[in-house]
**Student:** 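One structure coming up, written as structure tokens, with questions to follow.
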Protein chains: 2
Amino acid sequence: MKKTSAETIAKVECLFKSYMKEEKLRCTQKRLSVLREIYRSNTHLDADELFVRLREQGVGISRATVYHTLDLLFRYNLVTKIDLGHKHTHYEKSWGVADHLHIICLKCGKVSEATSEDLAGMMEKLCTGHGYSLGSFSLQLFGECLDKEACAQRVKEAHKEKA
Amino acid sequence: MKKTSAETIAKVECLFKSYMKEEKLRCTQKRLSVLREIYRSNTHLDADELFVRLREQGVGISRATVYHTLDLLFRYNLVTKIDLGHKHTHYEKSWGVADHLHIICLKCGKVSEATSEDLAGMMEKLCTGHGYSLGSFSLQLFGECLDKEACAQRVKEAHKEKA
DNA sequence: CTCCTTGCAAAGCCTTTGCATTTAC
DNA sequence: GTAAATGCAAAGGCTTTGCAAGGAG
């Protein structure tokens, strides 16, 4: 997924601050550091990866706070939750990337990213048509690699790793 | 979601049998009963609901087998996994319903179903464009009810239930 | 008759929670 | 100063797994 510009990150932070103010919640350094790390990253992360990255950067934060914050960011549509067919939830930035989806191979587990311009508009329409306003969406396509050879190769390698 | 006709269920069973044969796996009664129950149902179920329903029908089955079977059915694109923002995964039939999605209110948790005719074709194109064949897809829209009053009412009721 | 499937119970593991402490405003 | 946020550790709860018994092909 595309890199997020510094200006965009600033905008998202600003947005987050205003949300917090509205709801009489607090804009703490830890919350901001989670938000920033997600927007600096160009891929999907799980809660633990996020926790580790932040600790490596010297941010003193606990898993509990990471989970709390992710939930908060999700409720305000600043991050998306994704189920990539692994055992746990992944998260990624969502503001300014409303055209983003994942394609997952059910055989080898390969994940590709795709974008579609028409998507956002379509989702918007569906939402309003059913009496909702759209915050974010989560779209995963499950299928199989067309390149059977490379796919089988990846399956083999995954087996090796396990042994 | 729409009711599945008896003929369609028969088709799906047949499909499942052929998959099992191809892969030298076994088409057991327990697996069939899970498949049937999902296709008979017109809504999303979680693993435990499925387990309870089957037991009520006198099917002697264990949770372990339910989980195993769901995973199997998912890999062969006969069921879809959905994250409705609750704590655990939901499953629903997917064969013959490739135009189905959920809209979830982040405030009150209300879930609506929607269908879109263009969706399947669009997903198909995206998949092949990225070197995959499409099996199934999972699409959730997260937003907020436009009817703020009814939404607030549901939030209130949910609080009551907890207490 | 062989190998796959099932079930039980236990383990695993991500995620949540209670409560005391710290901190934003 | 007050209500919210944080962290720790422990609990929670869905899901997976090991292994022995059962069943499909």
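Every chain is numbered from 1, with letters handed out A, B, ... down the list of sequences.
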**Student:** To the nearest angstrom, how far is A:Asp83 atom CG from D:dC14 atom P?
**Tutor:** 17 Å
**Student:** Is it true that, when you exclude A:Glu117 itself, more than 12 heavy atoms of the residues, nucleotides or ligands shown sit nearer than 6.0 Å to its CD?
**Tutor:** no
**Student:** Look at the side-chain N and O atoms of B:Thr89 and state whether any lies under 4.0 Å from the OP1 or OP2 oxygen of D:dC14.
**Tutor:** no
**Student:** Please list, chain by chain and in numerical order, all residues satisfying ring pair (Phe, Tyr, Trp, His ring centres under 6.0 Å) with A:Tyr91, sequence neighbours excluded.
**Tutor:** none
**Student:** Short of 4.0 Å, heavy atom to strand atom, which residues of residues 36-64 of chain A count as contacting DNA chain D?
**Tutor:** A:Gly60, A:Ile61, A:Ser62, A:Ala64
**Student:** Please check: side-chain N/O of A:Tyr76 versus main-chain N/O of A:Leu15, any donor-acceptor pairing under 3.5 Å?
**Tutor:** no
**Student:** Identify each atom pair where a protein N or O and an N or O of nucleotides 21-25 of chain C are less than 3.5 Å apart, giving names and distance.
**Tutor:**
| unit_1 | atom_1 | unit_2 | atom_2 | d |
| --- | --- | --- | --- | --- |
| C:dA24 | N3 | A:Arg26 | NH1 | 3.3 |

**Student:** Taking atom NZ of A:Lys2 as the centre, report whether more than 12 heavy atoms of other residues, nucleotides or ligands fall under 6.0 Å from it.
**Tutor:** no
**Student:** Name each donor-acceptor pair under 3.5 Å that joins a side chain in residues 66-75 of chain B to protein atoms two or more places apart or in another chain, with its distance.
**Tutor:**
| unit_1 | atom_1 | unit_2 | atom_2 | d |
| --- | --- | --- | --- | --- |
| B:His68 | ND1 | B:Ala64 | O | 3.3 |
| B:Thr69 | OG1 | B:Thr65 | O | 2.7 |
| B:Asp71 | OD2 | B:Arg75 | NH1 | 3.1 |

**Student:** Would you indicate, yes or no, if D:dG25 has its OP1 or OP2 atom less than 4.0 angstrom from a side-chain nitrogen or oxygen of B:Lys21?
**Tutor:** no
**Student:** Please check if the number of heavy atoms outside B:Glu22 that lie under 6.0 Å from its CD is greater than 12.
**Tutor:** yes
**Student:** List the residues meeting side-chain hydrogen bond (donor to acceptor under 3.5 Å, both in side chains) with B:Glu124, not counting sequence neighbours, and say none if there are none.
**Tutor:** none
**Student:** Both A:Tyr91 and B:Thr65 contact DNA chain C. Which one's nearest nucleotide lies toward the 5' end?
**Tutor:** B:Thr65
**Student:** Go through the structure and list residues passing salt bridge (Lys or Arg N to Asp or Glu O under 4.0 Å) with B:Arg31, not counting sequence neighbours.
**Tutor:** none
**Student:** Nearest whole angstrom, please: distance from the P of C:dT6 to the CG of B:Leu32.
**Tutor:** 10 Å
**Student:** For residues A:Phe51 and A:Ile61, determine if any side-chain heavy atom of one lies less than 4.5 Å from a side-chain heavy atom of the other.
**Tutor:** yes
**Student:** Let me check something: any side-chain donor-acceptor pairs from residues 130-138 of chain B under 3.5 Å, sequence neighbours excluded? List them with distances.
**Tutor:**
| unit_1 | atom_1 | unit_2 | atom_2 | d |
| --- | --- | --- | --- | --- |
| B:Tyr132 | OH | A:Ser112 | OG | 2.7 |
| B:Ser133 | OG | A:Glu144 | O | 3.4 |
| B:Ser138 | OG | B:Lys81 | O | 3.3 |
| B:Ser138 | OG | B:Gln140 | OE1 | 2.8 |

**Student:** Holding to side-chain hydrogen bond (donor to acceptor under 3.5 Å, both in side chains), I want the full list of residues that pass it with A:Thr4, two or more places apart in sequence or in another chain.
**Tutor:** A:Lys93
**Student:** Angle between the two end axes of the helix from C:dC1-D:dG25 to C:dC25-D:dG1, five base pairs per end, rounded to 10 degrees?
**Tutor:** 50°
**Student:** Among residues 66-82 of chain A, which ones have heavy-atom contacts with DNA chain D below 4.0 Å?
**Tutor:** none
**Student:** B:Thr8: which residues meet the side-chain hydrogen bond (donor to acceptor under 3.5 Å, both in side chains) condition with it, sequence neighbours left out?
**Tutor:** B:Ser5
**Student:** Sequence neighbours left out, what passes side-chain hydrogen bond (donor to acceptor under 3.5 Å, both in side chains) with B:Glu113? Give chain and number order.
**Tutor:** none
